[in-house]
Undergrad: 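Just passing along the structure, written as structure tokens.
Remember, predicted model here, so these are calculated numbers, not experimental data. Letters A, B, ... are given to chains in the order of the sequence lines, protein chains preceding strands, and every chain is numbered from 1.
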Protein chains: 2
Amino acid sequence: MAVTHFKKGELYSFITGKASTAIARRLQKKFNEAGITITIEQWSVLYHLWKGDGASQQELCNATFRDKPSITRLVDNLEKLDLVKRVAHDKDRRINKIFLTKAAQALEEQTMVLAEETLNEALAGVSQQEVEMCKEVLQRVYDNLSG
Amino acid sequence: MAVTHFKKGELYSFITGKASTAIARRLQKKFNEAGITITIEQWSVLYHLWKGDGASQQELCNATFRDKPSITRLVDNLEKLDLVKRVAHDKDRRINKIFLTKAAQALEEQTMVLAEETLNEALAGVSQQEVEMCKEVLQRVYDNLSG
DNA sequence: GCCATATAGTTGTTTATGCAACTACTTAAA
DNA sequence: TTTAAGTAGTTGCATAAACAACTATATGGC
């Protein structure tokens, strides 16, 4: 039961997402330098809307692994920035469908270039095989804890 | 230059620390269930103090990958909870040395058991070799972005 | 139609992060 | 010894997260 797969001293680094926060910070910096005034969290919501406009807030929760209040407030802020609009669902008035504005559509290409650039910097000297392996293991970790 | 090691659709999961946040949430839940009223962030500071009392705030910044204001406020909150005490350095009065209280010392074993338990759950079905490989790759990613 | 239950979203509170600007203290050079 | 530059820590502000409690709408059994 107590057979651990890690050395005690390294326990901490596994719990904190050192690498992912470093990536997020780098990407945020690139946004700032490019004069793009959105946060990474806002970007992560737009990212899913670019894949398909008109998602409900609940769908955004699932897609971004956030809870409902977090999405409510992210959508609030994106609305203030005129990047998205809430539109009540025709048939079910509980549901808000979230649509991108022109301004948000214009951000897609620019930010995706910066995101790819960031990942290429992050993954310099890491083979594609290693990347796949890491992703697969991290997914397994996530699945282990989602029960 | 533009050779990417990832598929576009999977870009997002690499930027958000899905796995690490899932681990942190699970550990927090265990703390709550055990009646331990500290946050994971507070725990991460204590974690480094357990390895050696009397660190300066700057040392805690380096150890926990946080900036100075974050540590100031975490130490504020830990002080309110009577878990640490700031003690001015003898020779250099700019420096606060942070010391654990008895109450914090008592938390070490209990929380470490829960942390190991959490990691064992997270890493179920992951071989030690895979864990080492992941840690090594994530460290390389971190190093790539620390320049 | 009426009520219980479930679902979608919002609000309040506490804690944490990032950045910039600040104070206090130290050190080293003129 | 005075001053300039650097280091340690704090404060203000905006954004975000987690949790609980809430409103509003929908649905299914009676």
Undergrad: Round to the nearest Å and state the distance from A:Leu81 atom CG to D:dA16 atom C1'.
TA: 14 Å

Undergrad: What is the distance, to the nearest angstrom, from the CD atom on B:Glu79 to the P atom on D:dG9?
TA: 13 Å

Undergrad: Compare side-chain N and O positions of A:Asn96 against OP1 and OP2 of C:dT10 and report whether any pair is under 4.0 Å apart.
TA: yes

Undergrad: Could you tell me the separation between the CD atom of B:Glu59 and the P atom of D:dA8, rounded to a whole number of Å?
TA: 9 Å

Undergrad: Are there more than 12 heavy atoms of other residues, nucleotides or ligands under 6.0 Å from atom NZ of A:Lys85?
TA: no

Undergrad: Would you classify A:Lys91 as touching base, sugar-phosphate or nothing, given that sugar-phosphate means primed atoms plus P, OP1 and OP2, and contacts are heavy atoms under 4.0 Å?
TA: sugar-phosphate

Undergrad: Using atom NZ of A:Lys68 as one end and atom C1' of C:dA8 as the other, report the distance to the nearest whole Å.
TA: 5 Å

Undergrad: Take atom NZ of B:Lys29 and atom C1' of D:dA18, then tell me their distance rounded to the nearest Å.
TA: 13 Å

Undergrad: Taking atom types as they are modelled, is there a donor-acceptor pair under 3.5 Å from the base of D:dT25 to the side chain of A:Arg93?
TA: no

Undergrad: Supply the members, apart from A:Phe99, of the Ile/Leu/Val/Met/Phe/Trp/Tyr cluster built from side-chain contacts under 4.5 Å; use none for a lone residue.
TA: A:Val87

Undergrad: Report the distance from atom CG of B:Asn62 to atom C1' of D:dT7, rounded to the nearest whole Å.
TA: 13 Å

Undergrad: Using a strict cut-off of less than 4.0 Å between a Lys/Arg side-chain nitrogen and an Asp/Glu carboxylate oxygen, indicate whether A:Arg73 and A:Glu79 qualify as a salt bridge.
TA: no

Undergrad: Quick one: A:Gln57 CD to C:dT11 P, roughly how many Å, whole number?
TA: 11 Å

Undergrad: Looking at A:Leu100, A:Leu78, A:Leu83, which one forms a side chain to side chain contact (heavy atoms under 4.5 Å, CB included) with A:Leu49?
TA: A:Leu100

Undergrad: Specify the separation, in whole Å, of atom CG of B:Asp76 and atom P of D:dG12.
TA: 12 Å

Undergrad: So, are B:Asp76 and B:Arg86 salt-bridged, with charged N and O less than 4.0 Å apart?
TA: yes

Undergrad: Output the residues of residues 97-108 of chain A in contact with DNA chain D, where contact means a heavy atom of the residue under 4.0 Å from an atom of the strand; sort by number or write none.
TA: none

Undergrad: Is there a donor-acceptor contact under 3.5 Å from the side chain of B:Gln42 to the main chain of B:Thr39?
TA: yes

Undergrad: Is the count of non-hydrogen atoms from other residues, nucleotides or ligands lying under 6.0 Å from B:Glu33 atom CD greater than 12?
TA: yes

Undergrad: Is it true that a side-chain atom of A:Glu59 and a backbone atom of A:Ser56 form a donor plus acceptor pair closer than 3.5 Å?
TA: yes

Undergrad: Heavy-atom nearest nucleotide on DNA chain C for B:Asp92 versus A:Asp92: which residue maps closer to 5'?
TA: A:Asp92

Undergrad: When you compare the protein's N or O atoms with those of nucleotides 15-18 of chain C, which come within less than 3.5 Å of each other, and at what distance?
TA:
unit_1, atom_1, unit_2, atom_2, d
C:dA16, OP1, B:Thr39, OG1, 2.5
C:dA16, OP1, B:Gln42, NE2, 3.3
C:dA16, OP2, B:Asn77, ND2, 2.6
C:dT17, OP1, B:Arg66, NE, 2.6
C:dT17, OP1, B:Arg66, NH2, 3.0
C:dT17, OP2, B:Arg66, NE, 3.3
C:dG18, OP1, A:Arg25, NH1, 2.4
C:dG18, OP2, A:Arg25, NH1, 3.4
C:dG18, O6, B:Arg73, NH1, 3.2

Undergrad: Can a salt bridge be assigned to the pair B:Lys135 and B:Glu130 using a cut-off of 4.0 Å between side-chain N and carboxylate O?
TA: no

Undergrad: B:Arg94 side chain: which of D:dT7, D:dT25, C:dT10 is closest?
TA: D:dT7

